[in-house]
Amino acid sequence: MVTIRLHNSRTRVKEEFVPIDPGNVRVYVCGPTVYDRAHLGNARPVVVFDTLFRLLRHVYGAGHVTYVRNFTDVDDKINATALARKEAGAAGSLEDLIAERTEETIRWYHDDMDALGALRPTHEPRATAYVGQMIAMIGALIEGGHAYAKEGHVLFRVRSFAEYGRLSGRSVDDMIAGARVEVAPFKEDPMDFVLWKPSDDSLPGWESPWGRGRPGWHIECSAMSLALLGASFDIHGGGIDLQFPHHENEVAQSCCAHPEAEFARVWMHNEMLQVEGKKMSKSLGNFFTVRDLLEKGVPGEVIRFVFLGTHYGRPMDWTAEKAAGASSKLDDFVRLVAQFGNLEKAKDLQPDDVIVAALADDLNTHAALVALENLANTARYDDLARNLDFLGILSFAQLEQRIEVRDSAMQLLKPYAANLAAMREAAMATKDFAPVDAMKAGLLAAGVEVRMSKAGVELLPGPGFDAAKLEGLV
RNA sequence: GGCGGGUUGGCGGAGAGGUUACGCAGCGGAUUGCAAAUCCGUGAAGACCGGUUCGAUUCCGGUACCCGCCUCCA
């Protein structure tokens, strides 16, 4: 059995991973709040934890891993978006518009993350389907003295949980000292956070013992992980920006509601994404979504390949140069597999030991990519294909499709190659290479790679191959 | 102000207390009608200052700079 070691941000140490139940390894990752298209930063945890999912499935068996990633579909930003639509004259009730918005966003999210080669998690619960469980958990917290109701709100009593701040390495007193938040009058303590808040008639709401209202942020993840994974599970993941307050609050809620359990054993946090060396933000104008990239012609596998090039625990810088490099590297891989590989044989292979070992070492994806390259350099093309699939970069289906496209382009280019060979033959005798060069220029403009050697002429479809531009070439 | 992370060759980016990372780019050569592709070869690093050590880029301390979080942003 492969030994997996993971950096646990709770203990700040790389530890050997020992599942609670090897027959059912349980992972929870914070998913998106579905109010808009996923931006590129949202994609990083998806790729990181998809890679973890693939590793765990390989090591423990595909049927022995439960991966939960939620959709937070109750949120004031969603309400605001829906309200803006309504004010802009959209038909339907606010509730309809909210439902429409979340449905649409979830569909987009699936489309975009599918394009990145991310497997669908085992469960993708929606917060609105677990409001009952949230209310139950909040009730238990009040009963246990960890929460209190006031003015229609229910607040978590941070001082009731001695461990509060441990996950993120903060002390409650320090945070209060440096706090910049305005303290609501109904809070016993400035750090107390909202579990439930009242909704007026214009907002979505659920009946509760504290009146009609809606859950605060944080409680949905505690309720859904409990419902789907139990009070103790193996790994909890998300972006480092969620470590505080979101994850800290989750720990507080879950551990106080279930003091007998340990909640998440291992916490994994991915570092942030930057763009050309800067934080991605709307104000800097370098903000873009996954869809923007896909539409610009940067395919999902290129995005994934670039992501895997940097360890998840490090800030990742997205640059156009990296994307271009990844693209040409992947083209090389596809060419090698197409020319020398056999996909049917590849499908019977196991993932490469070196690559599995790299992933098992706290998801050292960069080392895995180096190993991938080594497979290419040592002529192990079937292994190359197998591991491209394993890593989720290019699935067998995608490889097949790209090889097909390549093959048909090669067919198309055959007569041109013959033609060019003849012209070159003639030019060798006359020493007039002008027509050959003209033809070559035309082919290059159509994105064709032109290779001429003693052995003959070879034409290959390059990255920007455009069959339409062949028109008019002899 | 509090907390956390980082600083490796031209660029990207790893591991390891003492032996080439690797990729891209560069340079030299082979090859080519010219190229492309390919192959062979090759230079180049560890922010700064101290400490531990026979030996540190790798451990410890400090300095500088950068980044993130503390605001329902992954």
Side-chain angles (χ1 to χ4, degrees), chain A residues 9 12 29-33 35-36 38-49 69 72 74-78 165 168-171 173-182 191 193-194 197 215-220 237-249 269-274 277-282 287 306 309-317 319 321-322 324-326 328-329 332 335 358 361 364-374 377 424 427-434 436-437 440-441 443-444 448-455 458-460 462:
Chain A
S9 30
R12 284 151 225 281
V29 173
C30 289
T33 298
Y35 67 100
D36 205 352
H39 65 247
L40 191 62
N42 292 307
R44 170 114 109 136
V46 172
V47 171
V48 166
F49 294 106
R69 186 183 62 210
T72 296
V74 46
D75 178 275
D76 289 349
K77 264 187 292 198
I78 302 172
S168 53
R170 295 151 202 252
S171 86
D173 293 319
D174 284 350
M175 283 189 282
I176 291 171
R180 291 182 281 167
V181 282
E182 217 173 297
M191 291 312 294
F193 59 90
V194 172
K197 51 191 168 186
W217 189 36
H218 318 304
I219 191 69
E220 84 280 18
I240 187 72
D241 56 330
L242 291 181
Q243 192 182 38
F244 188 88
H246 184 57
H247 290 160
E248 195 69 60
N249 292 353
H269 290 103
N270 63 276
E271 254 293 348
M272 299 292 96
L273 174 124
Q274 302 183 330
K278 296 206 172 70
K279 181 182 176 174
M280 181 163 78
S281 73
K282 285 180 180 163
F287 182 95
V306 170
T310 302
H311 184 89
Y312 74 87
R314 297 258 194 156
M316 214 239 21
D317 194 16
T319 65
E321 193 184 344
K322 281 187 186 177
S328 80
K329 182 65 69 187
D332 282 350
R335 180 176 56 78
D361 180 17
N364 190 341
T365 49
H366 188 274
L369 295 190
V370 171
L372 204 56
E373 191 126 7
N374 281 337
N377 292 339
R424 181 160 166 269
M428 293 288 213
T430 63
K431 298 293 173 203
D432 176 15
F433 286 95
V436 181
D437 287 338
K440 192 173 87 176
L443 289 165
L444 289 174
V448 180
E449 278 181 29
V450 181
R451 298 181 187 174
M452 289 185 267
S453 70
K454 263 186 213 153
E458 198 180 6
L459 298 184
L460 299 168

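Everything numeric in this text was worked out from a predicted model, so none of it was measured. First the proteins, then the strands, lettered A, B, ... as listed; each starts at 1.
Remark: the A/Asp317 side chain and the B/G12 base include no donor-acceptor N/O pair separated by less than 3.5 Å.
Here the nucleotide nearest the side chain of A/His39, chosen from B/G68, B/G33, B/A74, is B/A74. For A/Leu242, the listed nucleotide lying nearest its side chain is B/A74; candidates were B/C67, B/G6, B/A74. Comparing B/G5, B/C22, B/G33 by their closest approach to the side chain of A/Met428 singles out B/G33. Here the nucleotide nearest the side chain of A/Arg424, chosen from B/G33, B/C11, B/C22, is B/G33. Counting only heavy atoms from C-beta on, A/Lys440 has its side chain closest to B/C34 among B/G68, B/C69, B/C34.
The one candidate from A/His269, A/His247, A/Gln243 that meets the side chain to side chain donor-acceptor pair (under 3.5 Å) condition with A/Ser9 is A/His269.
Here the straight-line distance linking atom CE of A/Met316 with atom CG of A/Leu40 works out to 6.5 Å at 0.5 Å rounding.
A straight line from CG of A/Asp241 to C1' of B/C67 spans 13 Å, rounded to a whole angstrom. At whole-Å resolution of the value, CD in A/Gln243 and C1' in B/G5 are 10 Å apart. Taking atom CG of A/Asn364 as the reference point, atom C1' of B/A21 lies 12 Å away to the nearest angstrom. We find that CE of A/Met191 is positioned 8 Å from C1' of B/C70, with the value rounded to whole Å. Between the CE atom of A/Met272 and the C1' atom of B/G6 there is a distance of 14 Å, rounded to whole Å. Atoms NE2 (A/His366) and P (B/G15) sit 10 Å apart, rounded to a whole Å. Here the C1' atom of nucleotide B/C70 and the CZ atom of A/Phe193 are 15 Å apart, to the nearest Å. Atom P of nucleotide B/G5 and atom NE2 of A/His311 are separated by 14 Å, given to the nearest angstrom.
One P atom belongs to B/G15, the other to B/C73, and the distance between them is 33 Å to the nearest Å. The gap from the P atom of B/C11 to that of B/A45 amounts to 12 Å, rounded to the nearest Å. Here the separation of B/A64 from B/U53, taken at their P atoms, is 28 Å to the nearest Å. For the P atoms, the distance from B/C22 to B/C59 is 22 Å, rounded to whole Å. Comparing the same atom, C1', in B/G10 and in B/C27 gives a spacing of 13 Å after rounding to whole Å. Between B/A25 and B/U32, the two P atoms lie 23 Å apart (nearest whole Å). B/U63 and B/G55 are spaced 25 Å apart, taking the C1' atom of each and rounding to whole Å. Rounded to a whole angstrom, the distance from the C1' atom of B/U7 to that of B/A14 is 15 Å.
Between B/C3 and A/Ser168, no contact under 4.0 Å exists linking OP1 or OP2 to a side-chain N or O. A sub-4.0 Å separation between OP1 or OP2 of B/G23 and a side-chain N or O of A/Lys322 is absent. For the OP1/OP2 pair of B/C24 and a distance below 4.0 Å, the side-chain nitrogens and oxygens of A/Lys329 include at least one atom meeting the criterion.
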Tabulated below should be each protein N or O lying under 3.5 Å from an N or O of nucleotides 37-39 of chain B; please produce it.
unit_1 : atom_1 : unit_2   : atom_2 : d
B/A37  : O2'    : A/Arg451 : NH1    : 3.4
B/A37  : O2'    : A/Arg451 : NH2    : 3.4

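Using a 4.5 Å cut-off on side-chain heavy atoms (C-beta onward), A/Asn249 and A/Trp217 make no contact. Side-chain contact between A/Leu372 and A/Lys329 is absent, with no heavy-atom pair separated by less than 4.5 Å. Inter-residue side-chain proximity for A/Val450 and A/Leu459 is flagged as met; some heavy-atom pair is nearer than 4.5 Å. Contact of the A/Pro32 side chain with the A/Asn42 side chain is not registered, since no non-hydrogen atoms from C-beta on lie closer than 4.5 Å. Inter-residue side-chain proximity for A/His39 and A/Leu273 is flagged as unmet; no heavy-atom pair is nearer than 4.5 Å. In this structure, A/Glu271 and A/Arg44 have side chains that are in contact, with non-hydrogen atoms separated by less than 4.5 Å.
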Quiz item: Which dot-bracket string describes RNA chain B (Watson-Crick N1-N3 plus N6-O4 or O6-N4, or G-U N1-O2 and O6-N3, all under 3.5 Å; [ ] crossing; | other strand)?
Solution: (((((((..(((.....[...))).(((((.......)))))....(((((..]....))))))))))))....
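Remark: the backbone N or O of A/Asn364 is not paired with any side-chain donor or acceptor of A/Asp361 at under 3.5 angstrom. Within the 3.5 Å criterion, the main-chain N or O of A/Asp36 finds no donor-acceptor partner in the side chain of A/Lys77. The main-chain N or O of A/His218 is found under 3.5 Å from a side-chain atom of A/Glu220 such that the two form a donor-acceptor pair.
Within 4.0 Å of A/Phe433, counting heavy atoms only, lies at least one base atom of the nucleic acid. A/Leu273 comes within 4.0 angstrom of a nucleotide base, judged by non-hydrogen atoms across all strands.
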